[in-house]
Peer 1: 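Please find one structure pasted underneath; my questions will follow.
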Amino acid sequence: MEEPQPGPNPLRKMILVSSMAAGIQFGWALQLSLLTPYVQTLGVPHAWASFIWLCGPISGLLVQPIVGYSSDRCQSSFGRRRPFILAGSLAVAIAVFLIGYAADIGHATGDDLTQKTRPRAVAIFVIGFWILDVANNMLQGPCRAFLGDLAAGDEKKTKAANAFFSFFMAVGNILGYAAGSYDGLHRLFPFTETEACNVFCANLKSCFFFAIVLLVVLTTLVLITVKETPYTPKAEKETEDAEKTHFSCFCGELCLAFKGLKRPMWMLMLVTAVNWIAWFPYFLFDTDWMGREVYGGDVGQKAYDSGVHAGSLGLMLNAVVLAVMSLAIEPLGRVVGGIKWLWGIVNILLAICLGMTVLITKIAEHERLLNPALVGNPSLGIKVGSMVFFSVLGIPLAITFSVPFALASIYSSTSGAGQGLSLGVLNIAIVVPQMIVSTISGPWDALFGGGNLPAFVLGAVAAVVSAILAVLLLPTPKKADEARASSLNVGGFH
């Protein structure tokens, strides 16, 4: 396949394209911190809220690989990547509008505000939520591929571009969680609070307004200032490509990738899958846990909203620790004897942290029983313990966002397999567990009386299992391969 650029571009262009990660991740951060609580204010029971999150893994499984494959072969005069970046940004704006105004649209079309469940608002929210997940997956793949095009094979610039992309993802996380933790944003936009949209809903709208502005500004700058040379396929490939659809080509290559997998990659996929069974309950219910179990509120109450905002602050601290830890992975790997050992150790830390949610919850419940005035305002010790929980989880999260991909790079190189498709296959081991957890976590929690602790305990057990499997099953890479792969900065799971 021909390169769309004749040579490496200036680093400033790569930094500008990388900055789009801040806009993309800003929306993801809001999604992770606020949307599970928000959908419950529309009347979706806690046991069913997790089903809505099925879209993320489904779109990650289908949309991102197909969009990436299609953008490789796009012959638009606008370029290979920029049409997908433009379409994805417009779709994000539409999705955010639907999510923010779901309650208002539902009320305008006939929802009864006196009823606990507002079916029309829920339907609008779900449509917007799914569009947002699809759009974000449409954006991330072409943005990363665009960086590869601009680097044009220059290893130094490729590493720098990936580092900047990860940096801006961390910036987006911090901005998104900070916005979600502040409960006064709606005062900047007084029109957001309506009869159908309470203060929590108005804050969500206001956060998404900032997300739209940031993404639109960054997208416009990239599309105007960073040009692409249109892709022209090789002559001998034109007839062959014309006889096949992108989907059939992609499916054929994916099947070949699975057929050619060696045992180390299969073992890596197994460990990764178990590891994500541990992580995904946390992503689904982190702020909901703060609102319910730690702050003692029910959906719609001020105590619950205060807990959700505190959870967003915890996620911001988590993002800061993650960003710092991302720089320490290589030296830590050397200290503990290799990156597979590092992954195993931090999975034990993950299990301990998830188990600590039980202790924090029980202490908070006991304090509220002795002093009901602590509902919505737990003691300083509980607040500090919760923030420590979120912060410490940034350590294993940084490892999870890099080490599996580094190992996939090592195993694919040593077996002669293509790294691109190997990483795509690894993504399947991430999204399938997410689909399973999204399906079972709500009913699993309901089976044990509701709340979020059953899912967290299940995650703790899975974390211990993944730690043991990582140490026992994964081959030990050579130190030279580890050093080369340590430059991989993935930075997210979507």
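Along the sequence shown, residues are numbered consecutively beginning with 1.
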Peer 1: Determine the minimum heavy-atom distance between Val271 and Ser466, stating which atoms define it.
Peer 2: CG1-O, 3.7 Å
Peer 1: Can you sort out the partners of Ile277 under side chain to side chain contact (heavy atoms under 4.5 Å, CB included), two or more places apart, ordered by chain and number?
Peer 2: Pro433, Val437, Ala462
Peer 1: Can you tell if the side chain of Leu332 reaches within under 4.5 Å of the side chain of Met325, non-hydrogen atoms only?
Peer 2: yes
Peer 1: Is the backbone of Ala196 close enough, under 3.5 Å, to the side chain of Arg118 for a donor and an acceptor to pair up by distance?
Peer 2: yes
Peer 1: Checking Gln25 against Asn136: is there a side-chain donor and acceptor pair closer than 3.5 Å?
Peer 2: no
Peer 1: With a 3.5 Å distance limit and no angle check, can you tell me whether Asn173 reaches the backbone of Ala319 through a side-chain donor-acceptor pair?
Peer 2: no
Peer 1: Does the side chain of Pro475 come within less than 4.5 Å of Arg263's, by heavy atoms?
Peer 2: no
Peer 1: Counting N and O atoms only, with roles assigned by atom type, does the side chain of Thr36 sit under 3.5 Å from a partner on the main chain of Leu32, one being a donor and the other an acceptor?
Peer 2: no
Peer 1: Return yes if some donor-acceptor pair links the side-chain N/O of Ser438 with the main-chain N/O of Met435 below 3.5 Å, else return no.
Peer 2: no
Peer 1: Return the minimal non-hydrogen interatomic distance between Leu42 and Val122, and the atom names on each side.
Peer 2: O-CG2, 3.7 Å
Peer 1: Please report the C-alpha distance between Leu397 and Asn318 in whole Å, then the side-chain angles of each, then the deciding distance to 0.1 Å, and finally whether the side-chain contact (heavy atoms from CB on, under 4.5 Å) criterion is met.
Peer 2: CA-CA 9 Å; Leu397 192 58; Asn318 176 277; 3.4 Å; yes
Peer 1: May I ask you to test the Val199-His186 pair for a side-chain heavy-atom distance under 4.5 Å?
Peer 2: yes
Peer 1: Indicate the atoms forming the closest heavy-atom contact of Leu268 with Pro404, along with that distance.
Peer 2: CD2-O, 3.5 Å
Peer 1: Are Thr287 and Leu34 close enough that some pair of their side-chain heavy atoms sits under 4.5 Å apart?
Peer 2: no
Peer 1: Go through the steps to decide whether Trp28 and Phe283 satisfy the test ring-ring contact (aromatic ring centres under 6.0 Å, His included), and finish with yes or no.
Peer 2: CA-CA 11 Å; Trp28 275 109; Phe283 288 119; over 10 Å; no
Peer 1: Supply the atom-to-atom distance Phe280 CZ to Ile430 CD1, rounded to the nearest 0.5 angstrom.
Peer 2: 11.5 Å
Peer 1: Can you give me the closest heavy-atom contact between Gly176 and Leu30, atom names plus distance?
Peer 2: O-CD2, 3.4 Å
Peer 1: Would Thr400 and Trp343 count as a side-chain contact (heavy atoms from CB on, under 4.5 Å) here? Give the steps.
Peer 2: CA-CA 7 Å; Thr400 301; Trp343 195 16; 4.3 Å; yes
Peer 1: Roughly how far apart are Ile399 CD1 and Leu350 CG, rounded to 0.5 Å?
Peer 2: 12.0 Å
Peer 1: Starting from the C-alpha separation in whole Å, work towards a yes-or-no answer on side-chain contact (heavy atoms from CB on, under 4.5 Å) for Phe285 and Arg292.
Peer 2: CA-CA 10 Å; Phe285 299 124; Arg292 287 178 183 274; over 6 Å; no
Peer 1: In Å, rounded to the nearest 0.5 Å, how long is the span from CG of Leu284 to CG of Leu35?
Peer 2: 11.5 Å
Peer 1: Within the distance-only criterion (no hydrogens, no angle test), does the side chain of Arg81 pair as donor or acceptor with the backbone N or O of Leu147 below 3.5 angstrom?
Peer 2: no
Peer 1: How long is the span from the CD1 atom in Ile440 to the CG atom in Leu458, to the nearest 0.5 Å?
Peer 2: 6.0 Å
Peer 1: Apply side-chain contact (heavy atoms from CB on, under 4.5 Å) to the pair Ile212 and Val92, showing each step before the final yes or no.
Peer 2: CA-CA 8 Å; Ile212 290 177; Val92 167; 5.7 Å; no
Peer 1: Mark yes or no for whether Ser33, through its side chain, and Tyr177, through its backbone, hold a donor-acceptor pair below 3.5 Å.
Peer 2: no
Peer 1: Starting at CZ of Phe401, measure out to CE of Met169 and round the result to the nearest 0.5 Å.
Peer 2: 7.5 Å
Peer 1: Are any of the side-chain heavy atoms of Ser89 and Leu139 separated by less than 4.5 Å?
Peer 2: yes
Peer 1: With heavy-atom distances below 4.5 Å as the criterion, would you say the side chains of Thr361 and Glu365 are in contact?
Peer 2: yes
Peer 1: In chain order, what residues pass the disulfide bond (SG atoms under 2.5 Å apart) check against Cys201, with sequence neighbours excluded?
Peer 2: Cys197
Peer 1: Are any non-hydrogen side-chain atoms of Met20 and Leu215 less than 4.5 angstrom apart?
Peer 2: yes
Peer 1: Which label fits Tyr282 and Trp279: parallel for a plane angle under 30°, tilted from 30 to 60°, or perpendicular past 60°?
Peer 2: perpendicular
Peer 1: Please report the shortest heavy-atom distance between Ala95 and Leu132, naming the atom on each side.
Peer 2: CB-N, 3.4 Å
Peer 1: Do Tyr295 and Trp289 have ring centroids that are under 6.0 Å from one another?
Peer 2: no
Peer 1: Answer yes or no: are there more than 12 heavy-atom neighbours, outside Trp130 itself, under 6.0 Å from its atom CH2?
Peer 2: yes
Peer 1: Using modelled atom types only, decide if a donor and an acceptor are shared between the side chain of Lys116 and the backbone of Gly43 within a distance under 3.5 Å.
Peer 2: no
Peer 1: For residues 381-392, which side-chain donor-acceptor pairs fall under 3.5 Å, sequence neighbours excluded?
Peer 2:
from: Lys383; atom 1: NZ; to: Asn377; atom 2: OD1; distance (Å): 2.8
from: Ser386; atom 1: OG; to: Ile382; atom 2: O; distance (Å): 2.9
from: Ser391; atom 1: OG; to: Met387; atom 2: O; distance (Å): 2.8

Peer 1: Compare every heavy atom of Ile131 with every heavy atom of Ala91, then report the nearest pair and how far apart it is.
Peer 2: O-CG2, 3.6 Å
Peer 1: Distance only, no hydrogens: is a donor on one side chain within 3.5 Å (strictly under) of an acceptor on the other, for Ser312 and Ser181?
Peer 2: no
Peer 1: Distance under 6.0 Å and angle within 45° of the ring axis: does Lys205 meet both against Tyr101?
Peer 2: yes
Peer 1: In terms of side-chain geometry, is the basic nitrogen of Lys302 or Asp183 positioned less than 4.0 Å from the acidic oxygen of its partner?
Peer 2: no
Peer 1: Given 3.5 Å as the limit, does a donor-acceptor pair link the side chain of Asn347 with the main chain of Val464, or not?
Peer 2: no
Peer 1: What distance separates Leu270 CG from Met265 CE, expressed to the nearest 0.5 Å?
Peer 2: 12.0 Å
Peer 1: Can any side-chain N or O of Asp288 pair as donor or acceptor with the backbone N or O of Pro37 at less than 3.5 Å?
Peer 2: no
Peer 1: Are Phe208 and Phe97 near enough that their ring centres are under 6.0 Å apart?
Peer 2: no
Peer 1: When you measure from the side chain of Asn203 to the backbone N and O of Leu185, does any donor-acceptor pair fall under 3.5 Å?
Peer 2: yes
Peer 1: For the residue pair Phe200 and Tyr304, establish whether any side-chain heavy-atom pair is separated by less than 4.5 Å.
Peer 2: no
